[in-house]
*Asks:* 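Following this message is one structure expressed as structure tokens.
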Amino acid sequence: MIKLYNTMTRTKEDFKPLVDNQVSMYVCGPTVYNYIHIGNARSIIAFDTIRRYFEYRGYNVKFVSNFTDVDDKMINSARDQGITMPELAERYINAFKEDVRAVNVEPATLNPRATENIPEIIDFITVLIEKGYAYEAQGDVYYRARKFKKYGALSHQNINELEQGASQHVDDEETARKEDPIDFALWKATKGNEIAWDSPWGSGRPGWHIECSVMSTKYLGDTFDIHGGGEDLQFPHHENEIAQSEAKTGQTFARYWMHNGFVTVGDENEKMSKSLGNFVTVHDLVKEINPQVLRFLMSTTQYRRPIQYTQNSLQDAKNNLEKVQNAFINLNYRLKDAKGEPDYDTARKADNLEKDFVQAMDDDFNAQNGIAVVYEFARLINVYSEKDAVNAEQIKRLAKMYSKMASIFGIDLKQEENDDVEIDQLVKRRDQARADRDFETSDQLRDQLNQMGVILEDTPQGTRWRKSNE
RNA sequence: GGCGGUAUAGCCAAGUGGUAAGGCAGAGGUCUGCAAAACCUUCAUCGUCGGUUCAAAUCCGUCUACCGCCUCCA
């Protein structure tokens, strides 16, 4: 039984899906006005890891994540770059897909965009107005937050104690048009020469929160299993989504709310964010480091914990990732001389570790405990790989168990086809030199290969090589 | 001011009453022509003060520090 921490109840709950063996989940995606930074990547990776674990446990997962392709930042950024907003969206959606592929995130089942759902958004708002939950004011439409009794339930805020302006992001002109300062915009009247759609309230564009209510319920139904996002979205974004959706449908919106922790930077462990300007984009980072390392760092930290992004944490991740990969290489290398009998002690230990893994991950996706099991599995197969006699079927079985566990964390363990002719030639020459005990020549050749990013390993079964992770 | 989170070895980090998982780094060793990879050994009493208990990192209270949210944010 998978347990997960539900922000709504602030407790770990047994996960019982709406439909047996199926999980419907919606995760708030990025506003596509820039490259994603590694804080955005953290959220994406966290929920990808969760999604993969559900699949590992036999669930069929319907995973919807949106692109916010219209809002103030989109409009401003398009203007600054001298292109249209749709062009801007296209550019950064493509960049998003490229970045996300680099860190081995499974594509979402659906990636709906706000601008492709304008009629649905207008219909949704119309219903809210009809039900008295929303009102028009000078071409804007606002939601009457106070009318929704459960407002504040998710973030556990008392509506009367919300300190207005504490975040220093309120727009006074907008506040003047509202009945109540805590009301929020569903529709914003156009300010002139910006992109806009016709609506019953005049020309304008949707507010931010409404798109997620519309798209999540459109693709997953009025009630669905899991709604996720960064913990900064708890209030007001998710609170508003609940208010909008439940006011419209009268049904429970999301059944479980999951929020990931932040990536922090610097000695102050300050939150990384675009507005603070202290961000590193994935686009830039993957030019310098192996994206698998970033993936590893992010998916092996439990999703609710903060991640300190430092050179040190990256180096740790790199070392550990290599350890995990090496074990797989070491194991598969023995396939070529695997003529022995299976080892039952190893088989039994492997089965137990698989159970440990499930137990760890079932507990709110405790990745630290999960990866600890992977390390133990690595040791098990390393020890096995050094046995005099090994069995081919057993190697394949261990490799499959191991790679399945590793894949939850986005680690792709594949048999590499090392068939570079030039390298093979150099390796052969070195082997010959070693056989001749001409170690000066053999060490020279090894240095040469190292320069090419090739690491050599002499084993009892012969010399093998691999590319370094740099 | 309101709400929440965190504090465990040089670093990362598990652990919610029974006497400190795991990883990185370090040290020693095995294997190797030397390496690499791997394996083995070694390395903490849990922010402060106080309390409950036969027993607390784990429960209660206190204090301190840091982080986040309170209508831009993953």
Side-chain angles (χ1 to χ4, degrees), chain A residues 7 10 27-31 36-47 71-73 145 152 155-158 160-171 174-175 178 181-185 207-209 228-237 239-240 259-264 268-276 279 297 300-302 304-308 310 312-313 315-320 322-323 326-327 329-330 333 360 366-369 371-376 378-379 381-383 385-386 434 437-439 442-443 446 450 455-460 463-466:
Chain A
T7 308
R10 287 185 177 161
V27 176
C28 292
T31 303
I36 56 167
H37 60 65
I38 60 177
N40 302 117
R42 199 278 163 95
S43 181
I44 294 157
I45 289 170
F47 287 103
D71 83 333
D72 285 339
K73 292 192 294 296
S155 52
H156 302 87
Q157 298 289 330
N158 181 321
N160 296 313
E161 284 171 357
L162 289 170
E163 184 172 334
Q164 197 196 338
S167 71
Q168 301 179 319
H169 287 288
V170 288
D171 176 341
E174 191 184 71
T175 305
K178 295 176 180 177
I182 63 166
D183 292 350
F184 56 90
W208 173 38
H209 316 293
E231 62 181 6
D232 52 350
L233 296 187
Q234 241 173 77
F235 190 91
H237 185 56
E239 203 72 71
N240 293 353
H259 292 96
N260 65 271
F262 294 129
V263 174
T264 65
E268 291 77 34
N269 291 324
E270 190 177 54
K271 171 186 171 186
M272 175 178 293
S273 79
K274 287 184 183 173
S275 51
L276 289 174
F279 62 91
L297 170 64
T300 57
T301 302
Q302 205 260 2
R304 288 194 284 131
R305 306 269 315 192
I307 295 178
Q308 290 177 41
T310 62
N312 204 324
S313 61
Q315 186 61 44
D316 274 10
K318 181 170 177 290
N319 292 344
N320 280 319
E322 268 171 23
K323 191 224 303 265
N326 284 338
I329 293 169
N330 293 342
Y333 190 68
N366 193 324
Q368 277 294 331
N369 286 334
I371 197 70
V373 175
V374 172
Y375 295 147
E376 283 186 54
R379 180 178 297 116
I381 60 183
N382 277 327
V383 169
S385 301
E386 289 188 355
R434 290 181 69 222
R437 303 193 70 76
D438 176 5
F439 296 122
S442 71
D443 287 350
R446 180 166 64 200
N450 283 348
I455 296 167
L456 293 182
E457 288 168 8
D458 297 326
T459 78
T463 302
R464 66 171 186 237
W465 60 270
R466 63 189 162 90

*Asks:* Across the strands shown, which category fits Tyr375(A) at heavy-atom distances under 4.0 angstrom: base, sugar-phosphate, nothing?
*Replies:* sugar-phosphate
*Asks:* Using a heavy-atom cut-off of under 4.0 Å over every strand shown, decide if His237(A) touches base, sugar-phosphate, or nothing.
*Replies:* nothing
*Asks:* Sticking with atom P, work out how far rG17(B) lies from rC70(B), rounded to a whole angstrom.
*Replies:* 35 Å
*Asks:* Using Watson-Crick or G-U wobble geometry with both distances under 3.5 Å, which nucleotide pairs with rU52(B)?
*Replies:* none
*Asks:* Please report, rounded to the nearest Å, how far the P atom of rG4(B) is from the CZ atom of Phe262(A).
*Replies:* 17 Å
*Asks:* Does a side-chain N or O of Arg304(A) approach OP1 or OP2 of rU6(B) to a distance below 4.0 Å, or not?
*Replies:* no
*Asks:* In Watson-Crick or G-U wobble terms, both distances under 3.5 Å, what is the partner of rU45(B)?
*Replies:* none
*Asks:* Give Gln234(A) one of three labels, base, sugar-phosphate or nothing, depending on what nucleic acid heavy atoms sit under 4.0 Å from its own.
*Replies:* nothing
*Asks:* Would you mind classifying the nucleic acid contact of Ile182(A) as base, sugar-phosphate or nothing, using non-hydrogen atoms under 4.0 angstrom?
*Replies:* base
*Asks:* So what does Gly39(A) hit on the nucleic acid, given a heavy-atom distance under 4.0 Å: a base, only sugar-phosphate, or nothing?
*Replies:* base
*Asks:* Using the P atom in both, what is the distance from rG47(B) to rU8(B), to the nearest Å?
*Replies:* 6 Å
*Asks:* Taking atom C1' of rA36(B) as reference, at what distance in whole Å does atom CD of Glu457(A) sit?
*Replies:* 5 Å
*Asks:* Give none if rA7(B) has no partner; otherwise give the nucleotide forming a Watson-Crick or G-U wobble pair with it, both distances under 3.5 Å.
*Replies:* rU64(B)
*Asks:* Can you check the Asn312(A) CG to rC12(B) P distance for me, whole Å?
*Replies:* 7 Å
*Asks:* As a test of reading the structure: which of rA74(B), rC69(B), rC24(B) is closest to the side chain of His37(A), going by heavy atoms?
*Replies:* rA74(B)
*Asks:* If we ignore angles and hydrogens, is there a donor and acceptor under 3.5 Å between the side chains of Gln315(A) and Asn319(A)?
*Replies:* yes
*Asks:* With a 4.0 Å cut-off on heavy atoms, is Asn326(A) in touch with a base, just the backbone sugar-phosphate, or nothing at all?
*Replies:* sugar-phosphate
*Asks:* Quote, to the nearest angstrom, the C1' distance that separates rA57(B) from rU6(B).
*Replies:* 15 Å
*Asks:* Pick base, sugar-phosphate or nothing for Gly228(A), based on heavy-atom distances below 4.0 Å to the nucleic acid.
*Replies:* nothing
*Asks:* Keeping Ser313(A) on the side-chain end and Gln308(A) on the backbone end, is there a donor-acceptor pair under 3.5 Å?
*Replies:* yes
*Asks:* Give the rounded distance in Å between these two atoms: CH2 of Trp208(A) and C1' of rC72(B).
*Replies:* 8 Å
*Asks:* Does the side chain of Asn40(A) get closer than 4.0 angstrom to OP1 or OP2 of rC73(B) through an N or O atom?
*Replies:* no
*Asks:* Is any side-chain N or O of Arg305(A) closer than 4.0 Å to OP1 or OP2 of rA14(B)?
*Replies:* yes
*Asks:* Check whether any side-chain N or O of Asn366(A) sits under 4.0 Å from OP1 or OP2 of rG15(B), and answer yes or no.
*Replies:* yes
*Asks:* Just call it for Val263(A): base, sugar-phosphate, or nothing, with non-hydrogen atoms closer than 4.0 Å on any strand.
*Replies:* base
*Asks:* To the nearest angstrom, how far is Lys323(A) atom NZ from rC12(B) atom P?
*Replies:* 18 Å
*Asks:* At their closest point, which heavy atom of Leu456(A) faces which heavy atom of Arg446(A), and how far apart are they?
*Replies:* CD1-CG, 3.9 Å
*Asks:* Determine yes or no for a side-chain-to-main-chain donor-acceptor pair under 3.5 angstrom, with Arg42(A) supplying the side chain and Gly261(A) the backbone.
*Replies:* yes
*Asks:* Tell which nucleotide pairs with rA21(B), taking only Watson-Crick or G-U wobble pairs whose two distances are both under 3.5 angstrom.
*Replies:* none
*Asks:* I want to check one thing: is the phosphate of rC12(B), taken as OP1 and OP2, less than 4.0 Å away from some side-chain N or O of Gln308(A)?
*Replies:* yes
*Asks:* May I have the distance from Leu297(A) (atom CG) to rG23(B) (atom P), rounded to whole angstrom?
*Replies:* 18 Å
*Asks:* Pick base, sugar-phosphate or nothing for Ser313(A), based on heavy-atom distances below 4.0 Å to the nucleic acid.
*Replies:* nothing
*Asks:* Using the P atom as the reference point in each nucleotide, state the distance between rA14(B) and rU52(B) in Å, no decimals.
*Replies:* 32 Å
*Asks:* CG of Asn260(A) versus P of rG5(B): gap in Å, rounded?
*Replies:* 17 Å
*Asks:* Determine the Euclidean distance between corresponding P atoms of rC46(B) and rU58(B); express it in Å to zero decimal places.
*Replies:* 10 Å
*Asks:* Within the 4.0 Å heavy-atom criterion, would you say Leu162(A) contacts the bases, only the backbone, or no part of the nucleic acid?
*Replies:* sugar-phosphate
*Asks:* Report yes if a side-chain nitrogen or oxygen of Lys271(A) is closer than 4.0 Å to either non-bridging phosphate oxygen (OP1 or OP2) of rA74(B); otherwise report no.
*Replies:* no
*Asks:* So, is Asn382(A) close to the rC39(B) phosphate, meaning a side-chain N or O under 4.0 Å from OP1 or OP2?
*Replies:* yes
*Asks:* Can you name the nearest heavy-atom pair linking Ser155(A) to Phe235(A), along with the distance?
*Replies:* OG-CD1, 3.3 Å
*Asks:* How far does CD of Glu239(A) sit from CG of Leu162(A), to the nearest 0.5 angstrom?
*Replies:* 8.5 Å
*Asks:* Considering only side-chain heavy atoms of Val383(A), which listed nucleotide, rC39(B), rC24(B), rG33(B), is closest?
*Replies:* rC39(B)
*Asks:* Roughly how many Å apart are rA21(B) and rC60(B), using the C1' atom of each and rounding to a whole number?
*Replies:* 27 Å
*Asks:* Tell me if a side-chain donor or acceptor on Ser43(A) pairs with a main-chain N or O of Gly39(A) at a distance below 3.5 Å.
*Replies:* no
*Asks:* Would you say Gln368(A)'s side chain and Thr300(A)'s backbone share a donor-acceptor pair under 3.5 angstrom?
*Replies:* yes
*Asks:* Over 60° means perpendicular and under 30° means parallel, so tell me whether His37(A) and Phe279(A) are parallel, tilted or perpendicular.
*Replies:* tilted
*Asks:* For rG33(B), which nucleotide in any strand shown is its Watson-Crick or wobble partner with both distances under 3.5 Å?
*Replies:* none
*Asks:* Quote, to the nearest angstrom, the C1' distance that separates rG26(B) from rG61(B).
*Replies:* 40 Å
*Asks:* Rounded to the Å, how far apart are Glu386(A) CD and rA36(B) C1'?
*Replies:* 13 Å
*Asks:* Kindly indicate whether the side chain of Asp316(A) and the base of rG23(B) share any N or O donor-acceptor pair separated by less than 3.5 Å?
*Replies:* yes
*Asks:* Is there a donor and acceptor pair, one atom on the side chain of Asp458(A) and one on the base of rC34(B), closer than 3.5 Å?
*Replies:* yes
*Asks:* When the P atoms of rA9(B) and rA13(B) are compared, how many Å lie between them, rounded to an integer?
*Replies:* 11 Å
*Asks:* Return the 5'-most residue of the pair Ser155(A), Ala372(A) with respect to RNA chain B, ranking by each residue's nearest nucleotide.
*Replies:* Ser155(A)
*Asks:* So, OP1 or OP2 of rG23(B): does either fall under 4.0 Å of a side-chain N or O from Arg379(A)?
*Replies:* yes
*Asks:* Using the closest heavy atom to pick a nucleotide of RNA chain B for each, name whichever of Asn369(A) or Arg446(A) lands nearer the 5' end.
*Replies:* Asn369(A)
*Asks:* Categorize Asp443(A) for me: base, sugar-phosphate, or nothing, with a 4.0 angstrom heavy-atom threshold over every strand shown.
*Replies:* base
*Asks:* State which of rC72(B), rA74(B), rG68(B) makes the closest approach to the side chain of Glu231(A).
*Replies:* rG68(B)
*Asks:* Could you please name the partner base of rA13(B), counting Watson-Crick and G-U wobble pairs only when both distances are under 3.5 Å?
*Replies:* none
*Asks:* Got a donor-acceptor contact below 3.5 angstrom from the Asn260(A) side chain to the Arg304(A) backbone?
*Replies:* no
